[in-house]
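Working notes for the structure below.
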Amino acid sequence: MTTMSFDEKGVDAVYAGTEFRLEKEMIEDATEKPYPDVTDHDVIKLIEPNPDLSGEPRRIADILD
């Protein structure tokens with residue numbers, strides 16, 4: 001299971017027991033989108049090889065509101 005915590009500068013994540021940080025610039029480069037327009041589904045696809053994408057994707061801008 002992956003857990004993610006979003007803030008204005010990036011995402012703190014835990015995947016397979018490993019904690020790490022994905023910086024805003026890296027996420028923007030990987031998704032080719034401005035950080036506020038990236039969704040939680042976009043980020044989990046960067047972390048997990050075959051994520052279970054349930055529910056509607058949420059934009060980071062909406063998560064941070």
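What you see is a predicted model, and the numbers here were worked out from it, not measured in a lab.
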**Study point:** Worked check of side chain to side chain contact (heavy atoms under 4.5 Å, CB included) between I47 and V11
**Key:** CA-CA 11 Å; I47 297 170; V11 179; 5.5 Å; no
**Study point:** Contacts of E23 that satisfy salt bridge (Lys or Arg N to Asp or Glu O under 4.0 Å) - sequence neighbours left out
**Key:**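 Partners of E23 by the salt bridge (Lys or Arg N to Asp or Glu O under 4.0 Å) criterion, ordered by chain and then number, come out as R21.
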Practice item. Using the rule that two of Ile, Leu, Val, Met, Phe, Trp, Tyr join whenever any of their side-chain heavy atoms come within less than 4.5 Å, decide whether V14 and M26 are in one cluster. Key: no
Check your understanding: Do M1 and M4 belong to the same hydrophobic cluster, where Ile, Leu, Val, Met, Phe, Trp and Tyr are linked whenever their side-chain heavy atoms lie under 4.5 Å apart, directly or via other members?
Key -> no
Point to revise | Rounded distance (nearest 0.5 Å) linking atom CG of D12 with atom CZ of F20 | key: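 The CG atom of D12 sits 9.5 Å away from the CZ atom of F20.
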Review point. Should we say atom CG of D65 is surrounded by more than 12 heavy atoms from elsewhere, each under 6.0 Å from it?
Key: yes
Exercise for review: For T2, enumerate each residue passing the side-chain hydrogen bond (donor to acceptor under 3.5 Å, both in side chains) test, keeping only those at least two apart in sequence or located in another chain.
Suggested key: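 side-chain hydrogen bond (donor to acceptor under 3.5 Å, both in side chains) check on T2 returns E48.
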Revision key, fill the gap. Residues passing the side-chain hydrogen bond (donor to acceptor under 3.5 Å, both in side chains) test with E25, sequence neighbours excluded, are none
Donor-acceptor list for residues 38-46 side chains, cut-off 3.5 Å, not counting sequence neighbours:
from, atom 1, to, atom 2, distance (Å)
T39, OG1, H41, N, 3.4
T39, OG1, D42, N, 3.0
T39, OG1, D42, OD2, 3.2
D40, OD1, R58, N, 2.8
D42, OD2, K33, NZ, 2.7
D42, OD2, T39, N, 2.9

Review point. Under 3.5 Å, side chain of Y35 to main-chain N/O of E8, donor-acceptor pair present?
Key: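 It does not hold such a pair.
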